[in-house]
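The structure appears below as C-alpha cells.
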Amino acid sequence: MRPFAFKRPAGAEAAVKLVAANKDARFIAGGTNLIDLMKEGIDRPNELVDISRVSLNLIRSLGGNGVSIGALAKNTETANHPLIRKDYPMLSQAILSGASPQIRNMATNGGNLMQRTRCAYFYDLGTPCNKRQPGSGCGAKDGLNRYSAIFGWSDSCVAVHPSDMCVALAALDATVRIRTVAGGERKIIFTAFHRLPGDLPELDNNLSHGEMIVSIDIPKNNFAANSYYLKIRDRSSYAFALVSVAAGLEIDKGVIKQARIALGGVAHKPWRADEAERFLEGKRAEAATFQQAAELALRGAKPLSENGYKVKLTQRAIARALRRAANV
Amino acid sequence: MMQDDLKRQPSRVDGRAKVTGKATYIAEFRFPDLAYGYLVQSTIARGTIRDIDTAEAEKQPGVVKILTHKNAPRLANPQADEDFGEKSRPFFALMTDRVLFSGQPVAVVIADTFEQARYAASLMKVSYAEEKPSTDIRDVMDKGFAAGRPRPVRGTPDEAFAAAEVKVEAEYTIPIEHHNAMEPHATVANWDGDRLTVYDKTQGVTGVRNYLATNFGIDREKITVLSPFVGGAFGASLRPTPNTLLAVMAARETKRPVKIVYSRRQLATAHGYRPASIQKIKIGADKAGKLNSIIHEAVHNTSSHEDFAEDLVGISRTLYACPNVRTDAKITRTDLQTPLWMRAPGTVSGAFALESALDELAYKLKIDPLELRLINYAETDPDTGRPFSSKELRECYRQGAERFGWKNRKPEPRSMRDGRFMVGWGLATGTWGAFLAPSSARVTLKADGTALVESGTTDIGPGTYTTISLIAARQLGLPLEKVTFKLGDSNLPSAPSQGGSITTASVGTAVQECAQIVQKDLMATESKREASPFSGVPFENIEFVDGSARIKGRPETSMTIGEILSRNGLPEVSATHTTRPDFGERAKYATASHGAQFVEVKVDEEIGIVRVTRVVQATAAGRIINPKGAHSQEMGGVVWGIGMALMEHTEIDHRIGRIMNPNLAGYHVPVNADIGAIETIFVPEEDTIVNPLGAKGLGELGLVGIPAGIANAVYHATGIRVRDLPITPDKLAG
Ligand SMILES: Cc1cc2nc3c(=O)[nH]c(=O)nc-3n(C[C@H](O)[C@H](O)[C@H](O)COP(=O)(O)OP(=O)(O)OC[C@H]3O[C@@H](n4cnc5c(N)ncnc54)[C@H](O)[C@@H]3O)c2cc1C
Ligand code: SF4
C-alpha cells in the first residue's frame, strides 16, 4: 500500500513545523475531503499531521467587533452556535445547505475552506486535468462543463469551488487568520484567500505549504435582519450547488444602505458581485431594483458549451435571494 | 395502503438480521489464507493494448500474481451466459488485447491484502494504440438495425395517421442510467481440490454455476455458488460480471482463495446499464378522442460486440385499443459496455414516450387525460385479441382518481398555484407482463413442528424470504416463525434468476405445490397406520391449522405434525418438486399487471425546482401475498421514478468514451428530502388462470408510469413539455 506516517502533535506550533518540513505532508482535520482524495489516488501524502484535537475550536465573540470561529470547530457546531444564528444567520443557512449531517459533524471550518473542486476530471486519474497534473490539459473546458465556471476561468482550468460556507464568508467580509511557517500570524481578507486559476490552476488559494488556518473572523455588520442564502441544486439535499447566492442587505426605511452579494458554483472562488452591490446602495429595496442588480451581476459572464443555463439561473437566483433577504 | 392496515402485516423475516449486521454480504465472506484481487481498468474506450508493464507492480510487497491478457490461462470453452446465448460475441476479461469500452478490466493484481493489491494496481503502466470511440447515440442513431424479428403491423397506421383529425408527433430521449445498487459486485472463490465454492453477488446462483462450469470445463456438480443476501441489484446482477470469472481464475492460478470487490468508481463499467434511447411517437385520434393510429419508433444503444435489445415499443401495442399500430425497434452500436436490464427494462422507457404523447394529445383534444385513457381502454389484449386473465385497470383509475382528488384538477396548464409554487397534476398508466418460469423447491416437515423450505432462488431485496415463507406457512398451516426458507445456494433445487418480477409467482407456485405434496405424503402414511383417525379420509377433507392436521369440522381429531411423524416412526417428511407453467390453458389469455399513477408536483418556476409532493399509486397485480412487501415495492417504484424523471443521468465524455460520474456524489439518486407523500392502493384481482397462486409480479410495475406521470404533471404546472430526461433545473429555468 501507499504508506504514510500519522502524527498527532501537541499543538499548532508543532503541527506547522511538521508540515512545513515535508512538502508531502498534509494537515488532516475532519478528513472528509482528504481521505476521499487519498482513496482515489489524487492526493498522495506520505505524512498526515492530525490537528483535529488542536484547541482551535472556539467560537467566540470579539466584543463589539464581530465573531471569531476556530478553524477546527466543526461545521455543525458553527452553524448551530447561538452567536452565528443570531448575528450571521446566512452563514448558518449556507453551512446547513451543504453535504449531509454526518459529514458536517466531522467537517471543520478550516477544512471547508481548503476543500478541493468537485470537477469530475479532477477526480478521474484516467483523464487530463491541469489542476491535478499541471500541463496535462483541462478535460472540462471543451468537455462536460455543465457544473463549471462562468466567471474568471482561464484556458487552463474552468473548475468551481464547491463550498457553500465560503460563499457566505465572502459576502460577510470575513478575514482568514493564518499561522505562518515562521511562527507568526498573518491575515488574508476572505475574498483574496481563494484564487482564480490563471496559469496556476494547481493552486486553489494563497495559503503556503505548512501554513495553518487558525480562525476565520467575521466583522460586525447589520445584515442579520435582511440576509439569505439560496442554493440551487439537482436534488433537495446532499448535492453541490449548481449556483448559490449569499445576499446581505442593510436596509433603513426601505432604502438599501449596504449590500453584499456573493455567488457560488460560478467561479474558481466565491464570486463577489461588487458592481451589483454598488448599484443597490442608496436604492429602494424593491423587486425591480433587485432584478436590475441581478442582470448587472451577470454582465461579464462567459459561459462554456454546456453551462449557458447558469447565466439566467444565477440572475434569477440573485433576484430571489435579494427579495428573500429584503422580505419583499 | 394505510399505515394502520400495514402495521398488522408481517414484517420481513430477514429484517432483524439485516439491521443488526448479521446478514453477511458477499464482500464480507472470507476463507483462511485469502488473497485479494484488484482490477486495473482501461482508460481508453476503443483500441488495442500495446503493452502492459507490470515490473513496478510486481516488485511490491505482498503481490502474489498479476494476470493480464498475456498470461491469463485461456478458458476451456468460452461461452456467454445462458440468457444471452447466441445473440452475443461475449466479452471475456483478459482474453484479448482489444479494448471494447473504457473501464474494461485489463489486469487483475492479486496480493496478500486489499491495500497491497490496490497500490500495486496503481503502478501498472498500460499503453494503447487508441482509436476514436463512438459513444453518443445521436451520432449513430441512423445506423440502427432491427433488433429481433419485426412485429406485424396492425392495420394501416401511416395512412390512418395522415388522415387523423388530431395528431401528436414528438421525440423523447432518455440518457443512460445506472443501477447503482448499494452492494458492490464481488466474488470470493475457493478451490478445494477440484471442487469450487464461489460466493458471488448475483440474481441467479444456478446461472452463475452453469456459466462457470461451461467456461472452465468442469462438472456442474463440483461447483457451489452461494448468494445468501443481495444488497440491491435491479438487474445489474442478471449476468455474471468479470469479477466472477476472474476470481475463480485467480484462485486457481494462485492456489489460494481470492476475493475481488469492485470499487464504486469501477462499478460503472462492471455491468451494463439502461441504454440511451431516442423514441419517435406519432398518435392520431378523432375529435372524440378515439385513437386511430400509433406509430412508435425506438432506437437504443448497444455495445460494439453484443446485440442487446430491450422492448421499448411493446407497450404501444398493448396498452390502448387502437386499430392501426406500427412499432419499430432498432439498436445501434457504441463503444460502451453492453447495456443490461434495469428495473422495468424497455417498458419504463417506452411508457415515458407513449404516456407523455398521450398527455400531449389530451391537451390538443381538450379532453381530461384520465377520460382519454378510459375512451381507449383495452378490454382485450389489442395485440393478440386474447382476453386478459384479469385486468382491474379501470378500477385502479377510479380508486386512484378518487383518493387523489383528480376531479378537482383544472384542465389548463399553469392554472393551479400554491403560493409561489406552480402546481401540476399528471397521470400515467403502467403495465408489466405476468410471466412464469419453471421452478423447483423442496419442503421438509420436521418433528419439532417446523418446516424447512428450500429453493435456489435469490432475494435481491423485494422480500422473497418473507413472501415465500408466507406462502409455505399458509399452505402448511404453520405460524410464520415456524417456517425457515433457504435460498441463494446452487445446490438447492434450481430456480430461475430473480428478474422480470417472476419470482413470487414461479417459486411461490413450486413451494405451494411442493408443500401440498409433503402434506399428502404424510397423510397417506398416517392413514395407513392402525387406528389412525385419518384412515379412509380423503385429503380434501383434512385441514392444517396451527401446526396440526385435523378432519374438517372435527377438532377432536387434531394431531400435531410432530405427533404424526413420531407415531409413524418418521424423523421428518420431505419432497422435492418442479413446477412447469401450464401453457395450455394460460396461453389462451393475456396476463399482465396494471397500475395507474397520479402525481402532484410543485414547481418553483423561477429557479426550476420540481418537488413531487404527492403520488397515489393504484395497482392491480392479482392476489397480494405480502402486503408490506408489496407496499414497499410500489413505494420504491415511485422513488425510483422520481430519480429517473428528475435527476438520474450517466454522464459520458464522448470525446474519450468515458463515464464521468461513476460515484454517488456525481450520479444523483433521490434522497429522503426529495420524497413527498406516497399512497398505495391495491385493487384485488381474482385470477385462477395466471398461476395457481393468483399472484402477479409487481416489482417493476410500480416504476413504469412514474416518469411520464411526473413529466405530465410538470407540463400541467408550467406549460413546459420536457421530452428529454432528466428534468433538471436548467431545463425549466436556464
Ligand atoms: C459527499 C460529500 C458532499 C459534500 N457536499 C458539500 C456541499 O454541498 N457543500 C459544501 O460546502 N461542502 C460539501 N462537502 C465538503 C465538506 O464540507 C468538506 O469535505 C469539509 O468541509 C472538509 O473539512 P475537513 O475538516 O473534513 O477537512 P479535511 O478533509 O481534514 O482536510 C481538507 C484539506 O484541508 C486541509 N486543512 C484542514 N484543516 C486545515 C487548517 N486548519 N489549515 C490549513 N489546512 C487545513 C487539509 O490538509 C486538507 O488538504 C461535501 C463533502 C462530501 C464528502
Ligand atoms: S476544470 Fe480544472 S479541475 Fe477540471 S479538468 Fe480542467 S483543470 Fe482539471
Side-chain angles (χ1 to χ4, degrees), chain A residues 1-3 36 39-42 44 97 99-100 103 118-128 139-140 142-147 162 230-245 291 294 303 306-321 323-324, chain B residues 41-44 60-62 102-103 111 113-123 263-265 420 604-611 642-643 646-649 651-656 658-666 668-675 726 728-734:
Chain A
M1 67 181 263
R2 194 167 277 129
D36 276 0
K39 280 200 268 190
E40 300 272 4
I42 295 154
R44 302 175 176 190
S97 77
S100 67
I103 292 172
R118 293 279 158 176
C119 174
Y121 298 86
F122 178 71
Y123 263 87
D124 184 346
L125 294 175
T127 61
D142 300 312
L144 299 180
N145 50 38
R146 177 174 178 260
Y147 303 97
L230 175 65
K231 177 173 181 180
I232 301 175
R233 46 189 151 176
D234 282 334
R235 65 180 167 196
S236 307
S237 171
Y238 208 19
F240 291 94
L242 293 171
V243 304
S244 68
V245 182
Q291 180 59 34
E306 295 188 337
N307 67 3
Y309 75 92
K310 280 195 179 180
V311 176
K312 198 152 143 205
L313 192 59
T314 310
Q315 269 177 17
R316 291 172 169 209
I318 294 172
R320 160 76 61 91
R323 293 202 313 271
R324 279 303 195 90
Chain B
Q41 294 180 318
S42 74
T43 52
I44 66 158
Q60 299 308 312
S102 186
T113 69
F114 170 77
E115 289 78 10
Q116 289 168 336
R118 183 177 59 176
Y119 177 56
S122 77
L123 301 174
S263 73
R264 180 59 61 184
R265 175 169 287 277
R420 70 186 149 95
D604 191 335
E605 213 182 3
E606 186 176 28
I607 54 175
I609 301 224
V610 178
R611 292 265 183 279
I642 290 173
L646 302 183
M647 53 196 88
E648 292 194 43
H649 181 191
E651 294 172 37
I652 298 173
D653 183 334
H654 295 301
R655 299 170 306 171
I656 51 174
R658 195 163 169 88
I659 292 171
M660 293 307 299
N661 59 345
N663 54 60
L664 294 173
H668 292 143
V669 296
V671 294
N672 241 325
D674 291 305
I675 307 305
T728 41
D730 45 319
K731 291 183 185 163
L732 297 176

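What you are looking at is a predicted structure, and each value in this text was computed from that prediction instead of being measured. A note on names: the letters A, B, ... follow the listed sequences, proteins ahead of strands, and every chain is numbered from 1.
- Chain A forms the most heavy-atom pairs under 4.5 Å with one residue out of B:I642, B:N661, B:T113, B:I607, and that residue is B:I607.
- The contact between A:R233 and chain B is made entirely by backbone atoms, counting heavy-atom distances below 4.5 Å.
- For chain A, the nearby parts of B:V669 are the backbone and the side chain; heavy atoms of each come within less than 4.5 Å.
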Determine whether B:H649 and A:R146 satisfy the following criterion, side chain to side chain contact (heavy atoms under 4.5 Å, CB included), listing intermediate values before the conclusion.
CA-CA 13 Å; B:H649 181 191; A:R146 177 174 178 260; over 6 Å; no

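- Put simply, of B:M647, B:K731, B:E606, the one with the most heavy-atom pairs under 4.5 Å next to chain A is B:E606.
- Closest heavy-atom contact between A:R316 and B:L732: NH1-O, 4.4 Å.
- Listed here is the closest heavy atom pair of B:V671 and A:S237: CG2-O, 3.7 Å.
- Interface summary for chain A: among B:H654, B:R265, B:E115, B:R118, the most heavy-atom pairs under 4.5 angstrom belong to B:R265.
- Counting all heavy atoms, side chain and backbone alike, A:G126 lies closest to B:R658 at CA-NH2, 3.8 Å.
- No side-chain heavy atom of A:E306 sits under 4.5 Å from any side-chain heavy atom of B:E651.
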Run the side chain to side chain contact (heavy atoms under 4.5 Å, CB included) check on A:T127 and B:I656 step by step: do they pass?
CA-CA 9 Å; A:T127 61; B:I656 51 174; 3.7 Å; yes

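- Looking at A:E40, the atoms closer than 4.5 Å to chain B (heavy atoms on both sides) all sit in the side chain, from C-beta outward.
- Contacts with chain B were tallied for A:K310, A:R118, A:Q315, A:K312; A:K312 has the most, counting heavy-atom pairs under 4.5 Å.
- Using a 4.5 Å cut-off on side-chain heavy atoms (C-beta onward), A:K39 and B:R264 make no contact.
- Ranked by non-hydrogen atom pairs under 4.5 Å with chain B, the options A:L242, A:L230, A:T314, A:D124 are led by A:D124.
- Between A:Y123 atom OH and B:M660 atom CE the span is 12.5 Å, to the nearest 0.5 Å.
- Interface residue B:I652: only backbone heavy atoms are found under 4.5 Å from chain A.
- Side chains of B:D653 and A:Y121: a donor-acceptor N/O pair is present below 3.5 angstrom, by distance only.
- Each of A:A317, A:S100, A:G139 has some count of heavy-atom pairs under 4.5 Å with chain B, and the biggest count is that of A:G139.
- Neither the backbone nor the side chain of B:Q60 comes within contact range of chain A, judged by heavy atoms closer than 4.5 Å.
- One finds no salt bridge joining A:D142 and B:R655 here, because no Lys/Arg side-chain nitrogen approaches an Asp/Glu carboxylate oxygen to under 4.0 Å.
- Contact annotation for B:E605: only backbone heavy atoms (N, CA, C, O) come within less than 4.5 Å of a heavy atom of chain A.
- The contact between B:L664 and chain A is made entirely by backbone atoms, counting heavy-atom distances below 4.5 Å.
- Listed here is the closest heavy atom pair of A:D234 and B:T728: OD1-CG2, 3.8 Å.
- For the pair A:R2/B:S122, a side-chain contact is recorded, criterion being any heavy-atom separation below 4.5 Å from C-beta on.
- Only the side chain of B:D604 comes within less than 4.5 Å of a heavy atom of chain A; its backbone N, CA, C and O stay farther away.
- For chain A, the nearby part of B:I609 is the side chain; its heavy atoms alone come within less than 4.5 Å.
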